[in-house]
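Read the structure below first, then the notes.
In this text the structure is predicted, and so the values were computed from the model without any measurement. Every number for a ligand or one of its atoms is a count from 1 in the order of the listing.
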Amino acid sequence: MRLVHHEQAWLNYNTVCNPNYKKYATDVFCNQIDEITRSAISELRAAFQNLFDKQIVATESSGQAAIKLLIVRNDQLGIEGFQLDIKEDEVVIESQYSIGLLYGTFHLLRLLQTEKNIELGSIVEIPSQPLRMVNHWDNLDGSIERGYSGQSFFFENNEIIINERTVDYARLTASVGINGVVINNVNVRKEATQLITDRYLDRLKEMKNIFSAYGIKLFISLNFAAPMEIGMLETADPLDSSVINWWRTQLDYVHGYIPGFDGFLIKADSEGRPGPFTYNRTHADGANMLADIIKPYGGIIIWRCFVYNCQQDWRDTVTDRARAGYDNFVPLDGTLHSNVILQIKNGPMDFQVREPVSPLFGGLKATNQMLEVQIAQEYTGQQRHVAYLLPMFKEILDFRTHCDSAFDTVNDIVSGKTFDQPLGGIAAVINTGNDENWTGHDLAAVNWYGFGRLSSNPNLLAEQIAIEWIKLTYGNDEFVIQQILSILMPSWETYEKYTSPLGIGWMVNPGHHYGPNVEGYEYSRWGTYHRADQRGLGVDRTSKGTGYSTQYQSLNALMYESIDKCPEPLLLFFHYVEYTHHLKSGKSLIQHIYDTHFEGVEEVASMLKRWRSIEDKIERKIYDRVLERLQHQYSHSTEWRDIICSYFYRKSGIQDVHNRQIY
Ligand code: GCU
């Protein structure tokens with residue numbers, strides 16, 4: 001077994017707290033002892049030991065305990081909500097179920113570390129999304145698809161790993177309110193297909209028990225062709241009775257072995273993965289078949305909408321990959337069974353630095369649905385560049401779909417509120433690995449932390465979340481907070497500035513997706529996807545072009561249709577625009593491209609400067625790790641700037657008005 005060596009990230013409990021809070025570090029009383037409340041007590045014990053050098057225990061009488069964890073009857077708190085009452089000399093956390101007590105405990109510990117003077121009074125928190133999940137793209141051999149932080153800590157050499165890190169992972173995950181984890185890659189390779197067989201069930205059960213003690217549901221990704229790959233059947237047709245029987249036997253067995261197993265995630269008919277289309281069946285046929293089998297166990301099927309034909313020929317100007325999700329899934333609206341959730345990527349393409357929100361949100365009205373975002377920074381600098389993604393996630397969640405409801409934002413829809421759907425939530429493709437600091441780039445941990453916090457409470461501001469994370473990770477020094485905050489807050493837009501402009505996307509090297517390559521797109525055999533020529537660039541996705549804009553509800557369709565009303569950051573996603581076209585700033589498109597690329601590089605230079613200014617206030621090892629990455633980011637951003645600017649200079653033949661050197 002490999003050595004478990006890892007840091008504690010935002011649970012390091014190194015903060016110097018107001019000494020007055022020491023009064024709360026007494027014994028703790030809980031009126032219900034179970035696996036989850038035990039986790040809460042052990043967290044309090046670890047935290048108080050580190051923060052106040054006080055050893056605490058659980059007592060059986062509430063008398064001398066300053067912290068009381070109470071299971072109570074209060075329907076308003078729902079299943080996972082809690083009420084935290086902070087009084088002068090005691091804290092009472094109440095909830096209907098033990099998971100609320102655990103969340104309340106983490107909340108209290110967060111307040112003790114981040115607030116100089118906690119206000120006395122009551123706080124009620126109820127997570128608004130039913131499912132708050134992370135998806136690991138870990139393979140059983142230990143590699144991670146789009147992983148930028150080392151190898152998997154779940155798998156190694158086709159075995160499941162369980163060690164202290166598994167527990168710390170569960171603690172970190174639950175501490176920010178995440179309640180579901182898919183442990184293996186959506187691209188289920190041969191070995192991972194075996195996860196539902198005897199070979200792995202003992203270990204899976206062990207992992208489920210660890211996760212359960214932190215209120216986390218365990219999911220695995222399934223291979224739709226498993227009946228053929230491990231069942232030796234000749235087909236995987238979801239309506240074939242031998243296939244249905246095979247799945248039933250297999251999944252009954254899994255549920256018998258691991259009672260309460262939570263469910264499965266499936267990627268089908270996408271990028272070479274098998275699926276119902278092979279048999280002329282619909283995705284509803286596929287998803288419902290599996291969902292019906294696991295329904296008696298309370299299981300859930302999460303079915304991804306990332307379905308498109310990567311080989312399509314787009315030269316006819318109406319064929320458009322962006323249309324695929326809507327075209328494939330809207331016709332199925334209302335036909336998916338009640339324990340199926342469709343998981344929809346935030347944009348119609350693939351986690352680009354800027355995309356419009358998928359028109360499936362608001363288009364689907366009678367289907368459980370989840371939003372999928374990516375905190376593994378596949379297209380946003382691969383955790384070698386800083387990109388704080390919460391501002392992007394806020395925009396997505398707050399986006400008004402203008403569907404026919406008073407609650408029409410993406411957040412309303414995925415919480416189930418808009419169409420009164422019982423299931424829904426948010427999933428993130430996660431950015432962790434077995435690197436000592438979990439996320440490769442130390443500053444990338446903010447995206448993991450922030451995703452959890454935002455999915456639990458979408459009203460939080462990106463800035464608030466960043467400040468919390470900085471304080472918990474690096475302490476309460478005001479100068480340090482301000483410097484790191486100033487690095488994080490603009491970083492997504494800084495990355496956008498020196499990479500692909502105004503929503504056009506990609507421009508990365510095919511395959512690994514890192515570094516500039518203007519015409520780089522894996523499926524470019526039909527020409528450049530961005531349609532740049534001597535006059536301009538961009539894709540006409542209006543009704544006169546591919547028609548993608550018409551997939552939105554009418555108010556949004558009208559907005560995107562018009563070159564004047566279209567939000568400028570998405571201009572090239574929706575329109576072919578001439579280089580000489582004047583933007584709202586008064587600048588021409590080409591000048592905007594030049595200027596933003598130069599600005600982006602300058603902004604990275606100032607990030608570096610800010611980081612250097614806190615050298616003596618950050619642990620050496622961490623300081624050096626981040627410095628090294630920021631230096632790389634700086635030189636890589638200049639490479640991006642030069643390649644993009646020179647490409648468009650050569651295409652357009654238009655000089656930079658500032659006469660900067662454009663190679
Ligand atoms: C992207 C990514 C793939 C991944 C796919 C998915 O295309 O590059 O690695 O498999 O998304 O979301 O399924």
Side-chain angles (χ1 to χ4, degrees), residues 133-149 151-152 182-193 219-225 264-277 283 286-287 301-312 320-325 328-329 341-355 358 360 369-384 387 389 396 426-433 451 499-500 505-515 517 520-524 529:
M133 302 189 76
V134 288
N135 295 179
H136 289 260
W137 285 358
D138 294 20
N139 300 313
L140 267 70
D141 63 3
S143 61
I144 302 180
E145 180 151 338
R146 314 303 176 190
Y148 312 109
S149 337
Q151 296 285 103
S152 172
V182 184
I183 55 172
N184 66 308
N185 190 358
V186 284
N187 295 319
V188 184
R189 297 191 201 155
K190 207 166 175 48
E191 321 77 54
T193 308
F219 288 73
I220 56 176
S221 298
L222 283 185
N223 182 344
F224 196 76
F264 303 95
L265 172 68
I266 293 142
K267 168 177 177 176
D269 287 315
S270 171
E271 301 181 329
R273 303 314 302 159
F277 285 165
H283 280 247
I301 292 293
I302 302 176
W303 193 272
R304 291 177 88 228
C305 291
F306 185 59
V307 176
Y308 71 102
N309 173 8
C310 55
Q311 302 305 340
Q312 65 188 181
D320 182 6
R321 170 175 171 177
R323 297 183 54 120
N328 282 316
F329 285 94
I341 307 176
L342 292 186
Q343 184 166 299
I344 305 165
K345 284 194 184 183
N346 60 274
M349 299 299 247
D350 192 10
F351 302 136
Q352 300 304 296
V353 67
R354 174 92 59 177
E355 285 188 48
S358 167
L360 278 168
Q369 45 200 298
M370 270 176 90
L371 166 69
E372 177 180 324
V373 295
Q374 193 187 42
I375 53 180
Q377 293 171 235
E378 176 176 0
Y379 293 100
T380 48
Q382 304 200 349
Q383 289 149 244
R384 297 176 78 190
L389 298 173
I396 296 164
I426 315 185
V429 179
I430 196 173
N431 57 358
T432 53
F451 166 75
T499 58
S500 76
W506 275 282
M507 300 198 173
V508 290
N509 286 302
H512 57 69
H513 297 162
Y514 193 65
N517 181 340
Y521 174 62
E522 18 276 282
Y523 312 115
S524 273
Y529 74 93

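- In this structure, the separation between NE2 on H512 and CZ on R146 is 10.0 Å, given to the nearest 0.5 Å.
- Looking only at side-chain heavy atoms (C-beta outward), D350 and Y308 stay at 4.5 Å or farther from each other.
- Under the side chain to side chain donor-acceptor pair (under 3.5 Å) criterion, E145 pairs with N185, N187, not counting sequence neighbours.
- Ring geometry, F351 versus W137: the interplanar angle falls from 30° to 60°, so the pair is classed tilted.
- Contacts of ligand 1 (protein heavy-atom distance under 4.0 Å) are W137, E145, R146, V186, N187, K267, E271, R304, F306, K345, D350, E378, H513.
- Across all their heavy atoms, P276 and G286 have their closest contact at CG-CA, 4.1 Å.
- Taking the side chain as every heavy atom from C-beta outward, Y523 and R321 approach each other to under 4.5 Å.
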